[in-house]
Chemist: 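What follows is a single structure, and I will ask about it in a moment.
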Amino acid sequence: MHPLSEQQIVRRNALNEILALGINPYPAEAFDVTTDSGAIRARFDTEPDQFSNVSIAGRLMMIRDMGKACFAELQDEKGRIQLYIKREEICPGDDKSLYDQLFKRLSDIGDFFGARGYVFRTKVGELSIHVVELRLLSKSLHPLPVVKTDADGKVHDAFTDPEQRYRHRYVDLIVNPQVREIFVRRSHMIQEMRNFFNGRGWLEVETPVLQNIHGGAAARPFHTHHNALDIPLFLRIANELYLKRLIVGGYSGVYEIGKMFRNEGMDRTHNPEFTSMEIYVAYKDYLWMMDMVEDLLEYVVEKVCGTKQVEISGHSIRFVKPFRRIPMLDAIREFGGLEVEGKTEAELRILCRQANIQVDASMGWGKLIDELFSELVEPHLIQPTYIMDYPLEMTPLAKKHRSKDGLVERFELYVNGKEIANAYTELNDPLDQRQRFEEQLKLAARGDEEAMAMDEDFLLALEYGMPPTSGLGIGIDRLAMLLTGQEAIQEVLLFPQMKPVTV
RNA sequence: GAUCUGUUAGCUCAGCCGGUAGAGCAACGGCCUUUUAAGCCGUGGGCCUUGGGUUCGAAUCCCAAACAGAUCACCA
C-alpha cells in the first residue's frame, strides 16, 4: 500500500469528522429517487408542476461556494444537474452544522448525495434544484480528475491518458461522458441485433467456451486444465462447429453472441478476448446471406445512429443496400491492376515480389492470392463491400464454389478498409469435410500452429446429415468501433487487456 | 517480436545548454444568498516510473528495465 497522499488524508479525516457528527457516511437505507437529470432537462419546461418536489441522487462533481449558499453539480447516469443549496433552507433552526460542517467543510468532489427539492431556473437560466433536504449517501476517499468544460465547449484538463483510462475505467466513465456514451451505444447495437434475429425466429443459443478440440478457426488457443476430469481444455477460438451441430439437430436458425479467445498479439485492433456474433441458417446459401447482412446492418445502424451514415477516420460511410459485390480475383484486377486468374503458383510468387510482398516457400496458391488481396485491395474498401469467392485451401469449412474451380463460396464484408464479417455457404459434405481436415493436419505437421484439428464428432454430425446452410460471423467489437467512430478496440472494450504493473 | 515517443503534485502539463522543482485546476484557511471552466486573498502538497553509470553535483546527460501509446510484423 502506498503512503497516503495529502488529499487522501484530508478525506479520511473528513470521514472521521462526519462519523463524530453522528452521520453515517455509508448509510444502508435505500434512497428514494423519483427523477433524474435527463428527465428534468427533457420535461421541466413543458410540465413544471411535475417537478415541484423531486428526489434525485448522484455524484457531486463541482461546488461553487457563495458563502451562505452555494451551487453544486450533481452527476447521475443521464448527465449533470445543478443544485442550489441555501443554508437557511436545509438548516432552518439554530443548528447550522449540516450546512456549515457536513456540506461546506466535509464534502468533496466525488461524494454521493441524495437531494430533495423543487426544480427552477436561476436568473441566468440554468436549470437547478432548489434543495430543501440533503443527505450524504456515500463518501469518496480518493480525489477525481476535475475535467471542466467552458462556455465555448472547450474542455480543460481532460483526463486523456489511455493507460490511466483503461486501467481505471471507472474513473474514465465518471469524468468522460462521451466514453460512457460509447458503451451505451455498444449495448444498444447488440440489443438491436438480437431484435433483428429474434424477429425472424432464429434461436439464441450458448455453446461451450471450454472445448476439448479448438476448432472452427485458424488461431492459437489459450490452454487450461480441468482438475476433476484431469484433462487439458482450450478456451474456444470459435464456436462454429458447435453451432453447425445444432443445425444438424434440427434448429433452422441459431445464433450466439459471445467471447472468443485467441492467444495472439494485441494491438489497437486485437484484444485476446473479443466478442463475435455467429449465425447459421438452414436451407440458405452465401448469396442469401449477403442480402440478410445488408438488411441487418441497415437496420442496426439506423436504430443505433439515427441515420444510415457513420463518420470515421475522415470518411462518410453509408450503410445502404445493396453493398457492392466483387469476386476476389476481380478485385485484385480492379484495384491492383493484376491479372491473377489462371496464373500458376510460381507466376503468383513473381507478382508478389514485384508488389514488394514478402513470400516464402510454404505459401501456396491461395495464400499468395490472399497476400496480394491484403496488400493491393483491402485499404481501398472504404464503403461496405463484399469480397466473394476465396481460395479453397485457406477455407476448410466452406463449400466448394458451385461453378468456379479452386474457390469456395465465401464472402467477407469490408468497411473502412477492415474486415467486419465473414460468411460461407457451409460445407455439409462429410467426406469432403474429412479431406479438408486431413489437409489441415498436413499443415500442422509442417509446423503451422494455427491449422485446424480433426474433430471426429463434428464429422459424425455431418454424416447424420446437415441441411444446406449458410453461416456468418461478425466481429462485434469491430462493428462497435465503426458505429462509435473509434479507431482503437480498447475504446469499445470496458476493460481491455493490460499488462499488470509490477510494483 | 521490431522501431519511435512518452512516464514530473490527485488531474493536465512546463522545466531537459546539469546547480536537489513550477503553473493551472483540485486540496486546505479566509470573503461573498441565483453563480457557472465562478471570482478574490492566503497556505500546504513531489523517492521528478525503477535500477545502474558519468559528474563536486542529475528531473535534466548515458546505459538497462517496467508500463503505455503510435508505426510495423502476425492475426479477427
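Naming: A, B, ... by sequence-line order, numbering from 1 per chain.
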Chemist: Can you tell me if the side-chain N/O atoms of Arg64(A) get under 4.0 Å from OP1 or OP2 in U35(B)?
Modeler: no
Chemist: Once hydrogens and angles are ignored, does a donor-acceptor distance under 3.5 Å link the base of A70(B) to the side chain of Asp267(A)?
Modeler: no
Chemist: Kindly point out which of A70(B), A38(B), U36(B) is positioned nearest to the side chain of Arg268(A)?
Modeler: A70(B)
Chemist: Ring centres under 6.0 Å, that's the criterion: do Tyr414(A) and Phe373(A) meet it?
Modeler: yes
Chemist: Run the side chain to side chain donor-acceptor pair (under 3.5 Å) test against Glu17(A) and tell me which residues pass, sequence neighbours left out.
Modeler: Arg105(A)
Chemist: Which base, if any, makes a Watson-Crick or G-U wobble pair with G51(B), both distances under 3.5 Å?
Modeler: C63(B)
Chemist: Please encode protein proximity along nucleotides 7-15 of chain B as a string of B, S and -, counting only heavy-atom distances under 4.0 Å.
Modeler: ---BSS---
Chemist: Check every atom of A76(B), U36(B), A68(B) against the side chain of Arg478(A) and return the nucleotide holding the closest atom.
Modeler: A76(B)
Chemist: Give the C-alpha distance, both sets of side-chain angles, the deciding distance and a yes or no for side-chain contact (heavy atoms from CB on, under 4.5 Å) between Arg220(A) and Arg262(A).
Modeler: CA-CA 6 Å; Arg220(A) 284 151 64 192; Arg262(A) 298 191 183 174; over 6 Å; no
Chemist: Of all the nucleotides listed (C28(B), U33(B), U36(B)), which has the minimum atom distance to the side chain of Val124(A)?
Modeler: U36(B)
Chemist: What about Gln82(A): does its side chain form a donor-acceptor pair under 3.5 Å with the base of U35(B)?
Modeler: yes
Chemist: Considering only side-chain heavy atoms of Tyr166(A), which listed nucleotide, G69(B), U34(B), C67(B), is closest?
Modeler: G69(B)
Chemist: All N/O contacts under 3.5 Å from nucleotides 2-4 of chain B to the protein, with atom names and distances to one decimal?
Modeler:
none

Chemist: What nucleotide, of A76(B), U34(B), U33(B), holds the atom closest to the side chain of Lys86(A)?
Modeler: U33(B)
